[in-house]
Amino acid sequence: MDQHQDPPEAALAERERAILALERRGFPGPGVKERAIREELGLAPVRYYQLLNALLDDPRALAHDPVTVNRLRRVREARRSER
């Protein structure tokens with residue numbers, strides 16, 4: 001029963017990888033990121049942030065892009081501690 005398994009990052013869907021790729025980019029001003037979310041991913045920003053938040057807790061996302069996921073986890077934790 002020694003079956004080959006794909007690496008964890010292979011399990012991320014294309015949309016999940018696209019969300020992480022968008023988060024790696026820098027955006028010059030307000031509204032630019034929201035426009036990119038709508039145009040490139042076809043998502044409402046609220047839905048995008050729901051999916052992103054779930055991705056931050058997904059070990060597959062951490063395996064795929066540890067730098068981005070860890071940075072976003074730190075930002076999220078800082079915001080939670082401000083409340």
Side-chain angles (χ1 to χ4, degrees):
M1 279 200 239
D2 187 25
Q3 297 177 345
H4 173 73
Q5 291 184 343
D6 290 330
E9 61 267 336
L12 281 181
E14 184 177 334
R15 180 167 71 173
E16 293 168 324
R17 290 190 306 271
I19 288 170
L20 291 173
L22 194 108
E23 284 298 318
R24 279 193 301 272
R25 292 167 37 193
F27 293 94
V32 178
K33 182 176 183 179
E34 285 70 19
R35 191 175 320 119
I37 291 167
R38 290 182 193 281
E39 292 176 0
E40 297 173 25
L41 302 177
L43 293 170
V46 169
R47 181 65 181 139
Y48 170 86
Y49 288 111
Q50 289 171 338
L51 293 169
L52 175 62
N53 198 44
L55 261 179
L56 296 184
D57 297 324
D58 189 329
R60 300 171 305 147
L62 183 62
H64 177 75
D65 191 346
V67 173
T68 301
V69 171
N70 281 323
R71 176 178 57 82
L72 293 170
R73 283 178 173 179
R74 285 191 302 272
V75 170
R76 180 176 69 177
E77 196 53 42
R79 287 187 180 145
R80 283 182 178 166
S81 65
E82 288 174 3
R83 294 180 192 163

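Counting begins at 1 with the first residue of the sequence. The model shown is predicted, which means the values in this text are computed figures rather than measured ones. Quick note: numbers below take in every heavy atom, side chains included, and nothing from hydrogens, waters or symmetry partners.
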Legend entry - Minimum heavy-atom distance Ser81-Ala78, with the two atoms named: OG-O, 2.9 Å
Inset, instruction - Keeping to residues at least two apart or across chains, list the salt bridge (charged side-chain N to carboxylate O under 4.0 Å, His left out) pairs with something in residues 69-79. - result: Asp57-Arg76
Inset, instruction - Could you tell me which residues satisfy side chain to side chain donor-acceptor pair (under 3.5 Å) with Asp58, sequence neighbours excluded, listed by chain and number? - result: Arg60
Legend entry - Minimum side-chain heavy-atom gap Leu20-Val69 below 4.5 Å: yes
Legend entry - Leu22 CG to Phe27 CZ distance, which is reported to the nearest 0.5 Å: 4.0 Å
Inset, instruction - Please identify each residue that fulfils side chain to side chain donor-acceptor pair (under 3.5 Å) with Arg25, with sequence neighbours left out. - result: Glu40
Using distance only, find each side-chain donor-acceptor pair of residues 29-38 under 3.5 Å and give its atom names and separation, not counting sequence neighbours.
from	atom 1	to	atom 2	distance (Å)
Lys33	NZ	Glu23	OE1	3.3
Lys33	NZ	Glu23	OE2	2.7

Inset, instruction - Could you tell me whether a side-chain N or O of Arg24 sits under 3.5 Å from a main-chain N or O of Thr68, the two making a donor and an acceptor? - result: no
Inset, instruction - Return the minimal non-hydrogen interatomic distance between Ile19 and Tyr48, and the atom names on each side. - result: O-OH, 3.5 Å
Inset, instruction - Could you tell me the separation between the CG atom of Leu55 and the CD atom of Glu16, rounded to the nearest 0.5 Å? - result: 5.0 Å
Legend entry - Asn70: which of Asp65, Leu56, Leu62 passes side-chain contact (heavy atoms from CB on, under 4.5 Å): Leu62
Legend entry - Path from Val75 to Leu52 over hydrophobic side-chain contacts below 4.5 Å: no
Inset, instruction - Scan residues 41-50 for pairs that pass salt bridge (charged side-chain N to carboxylate O under 4.0 Å, His left out), counting only residues two or more places apart or in two chains. - result: none
